[in-house]
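Down below is the structure, laid out as structure tokens.
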There are 2 protein chains.
Amino acid sequence: MEQRLLRSGQLAKMAGVSTDLLRHYERIGVLPAAIRAPNGYRLYPPQSAKRVCTVRSSVAIGFSLAELSRIFAMRDRGGIPCHKVRALAEEKLHLVEQSLKELEALRRHMCETLRLWDQRLAEAGRGRRAELLESLTEIPGKRKAAASSFKKGFRK
Amino acid sequence: MEQRLLRSGQLAKMAGVSTDLLRHYERIGVLPAAIRAPNGYRLYPPQSAKRVCTVRSSVAIGFSLAELSRIFAMRDRGGIPCHKVRALAEEKLHLVEQSLKELEALRRHMCETLRLWDQRLAEAGRGRRAELLESLTEIPGKRKAAASSFKKGFRK
DNA sequence: ATCGACCCTGGAATGGGTTCCAGGGTCAAG
DNA sequence: CTTGACCCTGGAACCCATTCCAGGGTCGAT
């Protein structure tokens with residue numbers, strides 16, 4: 001049975017990640033600490049591959065490693081974090097939708113900006129300054145958040 | 001005429017930013033170094049307010065401070081960076097559009113995920129583990145980039 | 001004289017997943 | 001015995017706009 005244990009490089013290749021990342025996941029607590037061979041090498045049980053994939057998928061939809069760590073820890077204590085997990089995911093969905101709105105607004109603003117700039121460039125002619133950036137302050141575009149909520153609050 | 005000069009706090013209030021940010025902008029080179037009063041206080045010409053607003057607007061649509069610094073420097077050397085500015089903005093628009101696509105895909109993936117989870121939760125019943133996160137690896141959702149291009153490459 | 005409001009400096013912190021690094025072992029094949 | 005592939009460690013670097021900090025001046029008003 002012991003032959004089925006994986007060394008870090010093997011697991012990394014299977015999961016499509018770097019060995020650095022495996023160690024990082026272990027540090028954070030989203031991947032259980034592997035047992036060690038006599039020489040100190042990590043030996044992972046095969047199901048670690050699934051765990052790594054789970055972590056990656058979860059991160060991809062917005063879970064932070066810290067959240068995942070808490071969730072797995074709750075499970076290990078016999079808890080049932082499903083309710084919490086669902087709630088978190090829904091929260092993240094709302095953030096994504098909020099970001100989509102902001103990003104769409106930004107896209108419109110940028111399109112409008114380019115349109116105005118081309119106008120200005122045509123009017124200014126060659127070798128003339130068009131002061132494009134300055135004209136930004138004249139465009140009604142709300143220079144507020146601009147998709148910042150996505151970059152800031154996507155994870156927490 | 002000298003009465004029209006602004007101290008950092010005044011300019012900051014006018015532009016709606018912190019004095020820390022003004023100093024930062026000066027360091028980076030997007031805000032010309034202010035002259036100094038005999039006591040060492042910065043004294044800004046009134047047009048600095050416009051400059052600060054320009055920087056903020058530019059940052060809001062994706063320009064990095066480093067890019068802006070280059071652009072303003074080019075101008076100061078008598079250059080005409082309008083062409084470059086337009087090209088940069090268009091590039092940023094493409095990034096935003098790319099991000100929108102990814103984010104929209106992520107939204108769909110998350111909606112689908114929640115739907116499946118609710119199904120699983122109903123099947124599992126109360127007090128049962130539903131292994132929600134694990135089920136992520138079974139969903140066809142491309143766990144690829146997931147709007148990463150926005151977070152990574154928005155500025156450069 | 002003292003209080004509060006303002007200003008100065010440069011460097012560090014923030015966030016957070018991921019990568020990179022130096023300095024050092026293990027082991028099998030050639 | 002050497003080469004090369006693999007593994008170990010903990011801490012730093014990355015990105016980058018913005019904020020925070022400590023330690024220290026300046027100034028007008030009470």
Side-chain angles (χ1 to χ4, degrees), chain A residues 5-13 15-31 33-44 52 55-69 92 95 143-156, chain B residues 5-13 15-31 33-44 52 55-69 92 95 143-156:
Chain A
L5 295 177
L6 302 164
R7 295 203 308 195
S8 58
Q10 297 173 307
L11 175 59
K13 188 168 290 182
V17 303
S18 67
T19 56
D20 269 325
L21 195 50
L22 291 183
R23 289 194 309 107
H24 186 54
Y25 282 178
E26 189 177 311
R27 268 194 287 231
I28 299 293
V30 294
L31 182 61
I35 62 171
R36 297 301 180 113
N39 57 14
Y41 290 9
R42 285 174 178 80
L43 292 177
Y44 294 94
V52 173
V55 170
R56 303 238 88 206
S57 303
S58 304
V59 165
I61 67 170
F63 283 84
S64 73
L65 293 180
E67 284 169 339
L68 294 173
S69 173
K92 288 165 199 323
L95 287 175
R143 61 189 94 40
K144 290 182 187 178
S148 60
S149 80
F150 175 62
K151 291 154 72 179
K152 287 188 180 178
F154 185 45
R155 266 178 257 280
K156 61 175 179 180
Chain B
L5 295 177
L6 303 164
R7 295 204 309 195
S8 58
Q10 298 173 307
L11 175 59
K13 187 168 288 184
V17 302
S18 67
T19 57
D20 268 326
L21 195 49
L22 292 182
R23 289 194 308 107
H24 185 55
Y25 282 178
E26 189 177 310
R27 268 194 287 231
I28 299 292
V30 294
L31 182 61
I35 61 171
R36 298 300 181 113
N39 58 12
Y41 289 9
R42 285 176 179 79
L43 293 176
Y44 294 93
V52 173
V55 169
R56 301 239 91 206
S57 303
S58 304
V59 165
I61 66 170
F63 283 84
S64 74
L65 293 180
E67 283 170 338
L68 293 174
S69 173
K92 287 163 198 323
L95 287 174
R143 60 189 95 38
K144 290 182 186 177
S148 59
S149 80
F150 174 61
K151 291 153 72 180
K152 286 188 179 178
F154 184 45
R155 267 178 255 279
K156 62 177 182 182

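Chain identifiers are assigned alphabetically (A, B, ...) following the order of the sequence lines, protein sequences preceding nucleic acid strands; residue numbering begins at 1 within each chain.
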Would you check if [X] and [Y] make a side-chain contact, meaning some heavy-atom pair closer than 4.5 Å?
X	Y	result
R56(B)	L21(B)	yes
L68(A)	V59(A)	yes
R27(A)	H24(A)	yes
R7(A)	R42(A)	no

CG (L22(B)) and CD (Q10(B)) are apart, to the nearest 0.5 Å, by 11.5 Å

With rounding to the nearest 0.5 angstrom, report the OH to CG distance, Y44(A) to L31(A). 5.5 Å

Within less than 4.0 Å of OP1 or OP2 of [N], is there a side-chain N or O belonging to [X]?
X	N	answer
N39(B)	dC8(C)	no
S8(A)	dC7(D)	yes
Y25(A)	dT18(C)	yes
S18(B)	dT19(D)	yes

Just the rounded figure in Å: distance from [atom2] of [N] to [atom1] of [X].
X	N	atom1	atom2	result
L11(A)	dC8(D)	CG	P	11 Å
L43(A)	dC6(D)	CG	P	16 Å
L95(A)	dG16(C)	CG	P	12 Å
Y44(A)	dC6(D)	OH	P	16 Å
H24(A)	dC21(C)	NE2	P	17 Å
F63(B)	dC16(D)	CZ	P	15 Å
L22(A)	dT18(C)	CG	P	11 Å
Q10(A)	dC6(D)	CD	P	10 Å

Whichever of P38(A) and V17(A) has its nearest DNA chain C nucleotide further upstream toward 5': V17(A)

Using modelled atom types and a 3.5 Å cut-off, is there a donor and acceptor pairing between side-chain atoms of S8(A) and backbone atoms of T19(A)? no

Please confirm whether any donor atom in the side chain of Y41(B) sits under 3.5 Å from an acceptor in the base of dG25(D), or the reverse. yes

Nearest-nucleotide comparison on DNA chain D, the residue closer to the 5′ end among T19(A) and V55(B): T19(A)

Starting from the 5' end of DNA chain D, give me the residue, I28(B) or R7(B), whose nearest nucleotide shows up first. I28(B)

Close N or O pairs between protein and nucleotides 9-11 of chain C (under 3.5 Å):
residue, atom, partner, partner atom, Å
dT9(C), OP1, R36(B), NH1, 3.2
dT9(C), OP1, R36(B), NH2, 2.9
dT9(C), OP2, R42(B), NH1, 2.7
dT9(C), OP2, R42(B), NH2, 2.6
dG10(C), N7, R23(B), NH1, 3.3
dG10(C), O6, R23(B), NH2, 2.8

